[in-house]
There are 2 protein chains.
Amino acid sequence: MKHEQLRLSNQLCFPVYAASRLIIREYQPYLDKLRITYPQYLVLMVLWENDGITVNDITDKLVLKTNTVTPLLKRMESLGIISRNRSGEDERKVLITLTDKGKKMKLVASSIPGLLVDKLKDGALTMEQLVELRTNLNILIDYLQNREDSR
Amino acid sequence: MKHEQLRLSNQLCFPVYAASRLIIREYQPYLDKLRITYPQYLVLMVLWENDGITVNDITDKLVLKTNTVTPLLKRMESLGIISRNRSGEDERKVLITLTDKGKKMKLVASSIPGLLVDKLKDGALTMEQLVELRTNLNILIDYLQNREDSR
DNA sequence: TTTCTTTATATCGCAAGCGATATAAATATT
DNA sequence: AATATTTATATCGCTTGCGATATAAAGAAA
């Protein structure tokens with residue numbers, strides 16, 4: 001019984017880690033055309049949904065830390081796709097806004113996820129299984145994030 | 001219909017990526033006691049199962065590239081948990097073997113995955129859902145790896 | 001209003017992860 | 001045998017990810 005758990009776990013944590021990298025690799029050719037990386041694409045997705053938010057807002061949504069996000073945003077600023085400005089109301093906050101260049105990328109970028117799903121759907125999993133997978137992952141994420149917050 | 005796909009995908013690729021990092025964070029306190037990282041732990045798991053294999057064998061099993069694995073193994077060598085030796089039969093190959101120190105870590109390390117599953121099981125997902133999640137991820141991984149190989 | 005604490009962001013150092021490229025041994029071709 | 005190709009590993013340069021620590025503004029407590 002204990003042995004079974006041990007094997008399952010080896011086959012749970014590692015698959016998530018491997019799948020993550022494989023999916024990002026699958027994204028890469030499309031992102032190359034936009035000259036951005038996957039984490040940069042995630043930042044853009046957050047901003048397209050909600051422009052003018054703070055560094056911490058982005059940090060929370062992407063489940064990252066500021067020591068990852070600050071340099072990431074600086075690189076995106078130097079690429080000319082976002083701008084970083086201190087808030088007038090609260091000088092501690094840095095507001096992140098899309099530049100025109102960043103806004104224009106939305107049209108091309110928003111077609112990418114659909115292409116990915118088309119590949120996976122039926123090729124690998126049915127739509128139902130994809131939904132099931134997403135649901136289970138989101139439950140896991142919520143659980144682990146709540147554990148983190150209460151520490 | 002197309003909109004639905006787009007939303008699902010945003011909620012599929014990102015959850016895998018976020019879950020991966022959250023699970024590794026959950027592993028970290030246990031790995032800290034052994035003074036190793038998660039990727040180093042994965043290498044050890046491979047070697048405990050199959051000692052004396054080549055760099056490429058490890059690379060394949062972990063779905064990584066040599067430019068990641070070679071430095072990783074060098075760090076593990078300098079930690080004294082593995083040794084790297086050129087094969088006599090084929091001078092191109094480097095054989096990786098566990099040192100006594102590396103072998104001894106198995107006992108402590110093998111208890112870690114069980115602790116993780118205990119946390120997740122029922123706290124987040126049922127055993128059935130964990131199995132379901134693992135199954136779907138493995139199908140996805142097989143599919144994406146086969147796509148990669150045929151390129 | 002001074003001092004203490006919290007909040008928001010940034011910096012540092014190091015380990016992954018990876019595309020591109022290099023090197024050298026093994027194998028195939030001519 | 002000489003040359004070309006393939007295979008196995010390594011190196012370089014860059015981005016990400018994160019623990020630990022720093023800094024400065026805002027808010028609370030004294």
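Chain identifiers are assigned alphabetically (A, B, ...) following the order of the sequence lines, protein sequences preceding nucleic acid strands; residue numbering begins at 1 within each chain. Values reported hereafter were calculated over all heavy atoms of this structure, with side chains retained and with hydrogens, waters and symmetry mates removed.
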Report the C-alpha separation of A:Glu132 and A:Asn136 in whole Å, then their side-chain angles, then the decisive distance to 0.1 Å, and conclude whether the side chain to side chain donor-acceptor pair (under 3.5 Å) test is met.
CA-CA 6 Å; A:Glu132 190 177 80; A:Asn136 284 334; 5.3 Å; no

Which is it for A:Ser87 and A:Asp90 under the side chain to side chain donor-acceptor pair (under 3.5 Å) test, yes or no, and what are the steps along the way?
CA-CA 5 Å; A:Ser87 162; A:Asp90 187 337; over 6 Å; no

Proximity to DNA chain C (any heavy atom under 4.0 Å), residues of residues 83-99 of chain A only
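Those residues whose heavy atoms fall under 4.0 Å from DNA chain C, taken from residues 83-99 of chain A in numerical order, are A:Arg84, A:Arg86, A:Arg92, A:Lys93, A:Val94.
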
So, is A:Lys74 near the phosphate of C:dT11, with a side-chain N or O under 4.0 Å from OP1 or OP2?
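Yes, because at least one side-chain N or O of A:Lys74 sits under 4.0 Å from OP1 or OP2 of C:dT11.
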
Spacing of CZ belonging to A:Arg75 relative to OG1 belonging to A:Thr70, to within rounding of 0.5 Å
10.5 Å

Can you tell me how far apart OG1 (A:Thr66) and CG (A:Leu73) are? Round to the nearest 0.5 Å.
10.5 Å

Is the distance between the ring centroids of B:Tyr17 and A:Tyr38 less than 6.0 Å?
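B:Tyr17 vs A:Tyr38: aromatic centres under 6.0 Å.
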
To the nearest angstrom, how far is [X] atom [atom1] from [N] atom [atom2]?
| X | N | atom1 | atom2 | value |
| --- | --- | --- | --- | --- |
| A:Asn56 | D:dA26 | CG | C1' | 14 Å |
| A:Asp60 | C:dA8 | CG | C1' | 11 Å |
| B:Leu73 | D:dT11 | CG | C1' | 15 Å |
| A:Ile58 | D:dG17 | CD1 | P | 14 Å |
| A:Leu79 | D:dC14 | CG | P | 14 Å |

Would you indicate what B:Thr54 reaches in the nucleic acid, counting non-hydrogen atoms under 4.0 angstrom: base, sugar-phosphate, or nothing?
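Touches sugar-phosphate only.
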
Candidates B:Val16, B:Leu22, B:Ile23 - the one meeting side-chain contact (heavy atoms from CB on, under 4.5 Å) with A:Ile141:
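Single side-chain contact (heavy atoms from CB on, under 4.5 Å) partner of A:Ile141 among B:Val16, B:Leu22, B:Ile23: B:Leu22.
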
Once base and sugar-phosphate atoms are separated, protein heavy atoms under 4.0 Å mark nucleotides 12-21 of chain C, 5' to 3', with B, S and - as B--SSBBBB-

Establish, for the pair A:Arg25 and A:Tyr27, whether the NZ or CZ atom is under 6.0 angstrom from the six-membered ring centre and no further than 45 degrees off its axis.
no

A:Thr37: side chain to side chain donor-acceptor pair (under 3.5 Å) partners, not counting sequence neighbours:
none

